[in-house]
Amino acid sequence: MTTSTYHGIYAVVSRIPRGKVATYGQVALLANLPGRARLVGYALSALTDPSVPCHRVINAKGEISRRNGGSEADEVQRHRLEVEGVFFDSHGRIPLELFRWRLYADE
DNA sequence: CCCATGACTGATT
DNA sequence: TAATCAGCCATGG
């Protein structure tokens with residue numbers, strides 16, 4: 001791996017505004033890595049820097065992607081988002097049409 | 001080098 | 001609307 005790839009991913013995630021979310025695919029696209037959403041997920045799992053708001057990255061269905069073996073990190077992520085004003089529907093999913101980060105509208 | 005395993009996605013059924 | 005499938009690619013055994 002050429003850390004520059006991961007660095008670009010972290011740079012994009014760092015630009016997600018408070019109260020907004022982005023999908024793995026969206027982050028991949030903005031990081032100039034179209035179709036490599038999976039790589040974004042891998043980069044986040046390897047991330048240790050707490051200054052990167054990685055809790056604002058969710059999957060394309062609007063759900064929080066689960067970690068291995070019932071980790072409670074998922075619930076922590078959900079709570080962080082709720083604190084920022086992000087709403088979850090009865091299916092545990094975020095209405096992307098309302099909270100999705102739009103580069104030219106939000107920022 | 002081969003194979004399995006993921007914080008994934010979009011199209012197809 | 002939900003389940004499947006085929007791409008995707010870094011890591012570790």
Side-chain angles (χ1 to χ4, degrees):
Chain A
M1 98 180 188
T2 55
T3 55
S4 62
T5 306
Y6 280 11
H7 185 274
I9 292 173
Y10 301 146
V12 171
V13 175
S14 297
R15 295 218 295 279
I16 305 174
R18 199 169 172 285
K20 290 288 178 177
V21 298
T23 67
Y24 293 92
Q26 182 180 2
V27 171
L29 203 63
L30 294 174
N32 209 17
L33 299 168
R36 281 97 183 141
R38 201 157 198 163
L39 188 51
V40 173
Y42 203 92
L44 292 190
S45 75
L47 176 65
T48 54
D49 186 348
S51 68
V52 178
C54 58
H55 62 284
R56 298 187 187 131
V57 182
I58 60 178
N59 66 32
K61 295 181 242 174
E63 303 173 317
I64 292 175
S65 292
R66 307 210 173 200
R67 258 64 127 226
N68 217 357
S71 172
E72 39 187 299
D74 307 335
E75 298 176 22
V76 174
Q77 178 175 3
R78 170 168 177 157
H79 185 259
R80 276 186 186 161
L81 290 172
E82 289 178 328
V83 168
E84 296 185 355
V86 176
F87 171 82
F88 286 74
D89 66 18
S90 57
H91 297 286
R93 299 190 304 220
I94 297 170
L96 288 176
E97 66 276 15
L98 296 179
F99 298 104
R100 184 185 221 280
W101 171 38
R102 298 185 191 279
L103 197 52
Y104 293 101
D106 305 320
E107 195 71 57

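Numbered from 1 within each chain, the chains take letters A, B, ... in sequence-line order. Heavy atoms only: backbone and side chains are in, while hydrogens, waters and symmetry mates are out.
Whole-Å rounding puts the Ile58(A) CD1 to dC8(B) P distance at 12 Å. Rounded to whole Å, atom P of dA10(C) lies 15 Å from atom CG of Leu44(A). The nearest whole Å value for the distance from the CZ atom in Arg67(A) to the C1' atom in dA7(B) is 5 Å. When the P atom of dA7(B) is taken as reference, atom CD1 of Ile16(A) falls 19 Å away, rounded to whole Å. To the nearest angstrom, P of dG6(B) lies 19 Å from CD1 of Ile64(A). Distance NZ (Lys61(A)) to P (dG10(B)): 12 Å, rounded to an integer number of Å. One can place CZ of Arg38(A) at 13 Å from C1' of dC5(C), the figure rounded to the nearest angstrom. Rounded to a whole Å, the CD atom of Glu63(A) is 13 Å from the C1' atom of dA3(C).
Checking dG10(B), dT11(C), dC8(B) against the side-chain heavy atoms of Tyr24(A) singles out dC8(B) as nearest. Looking at the side chain of Asn59(A), the nearest of the listed nucleotides dG10(B), dA7(B), dC8(B) is dC8(B).
Going from the P atom of dA7(B) to that of dG7(C) covers 23 Å, rounded to whole Å.
If you find the closest nucleotide of DNA chain C to Arg36(A) and to His91(A), the one lying nearer the 5' end belongs to His91(A). When each of Gly35(A) and Arg93(A) is assigned the nucleotide of DNA chain C bearing its nearest heavy atom, the one mapping closer to the 5' terminus is Arg93(A).
Neither OP1 nor OP2 of dG12(C) sits under 4.0 Å from any side-chain N or O of Tyr42(A).
Listed for the Tyr10(A) side chain is a donor-acceptor partner under 3.5 Å among the backbone atoms of Ala43(A).
Distance CG/Leu103(A) to NZ/Lys20(A): 12.5 Å, rounded to 0.5 Å.
Between Phe99(A) and Leu81(A), every side-chain heavy-atom pair lies at or beyond the 4.5 Å cut-off. Contact of the Ile58(A) side chain with the Glu63(A) side chain is not registered, since no non-hydrogen atoms from C-beta on lie closer than 4.5 Å. Side-chain contact check for Asp74(A) versus Arg67(A): some heavy-atom pair is nearer than 4.5 Å.
Among the atoms of the strands shown, only primed sugar atoms or phosphate atoms (P, OP1, OP2) are found under 4.0 Å from some heavy atom of Leu39(A).
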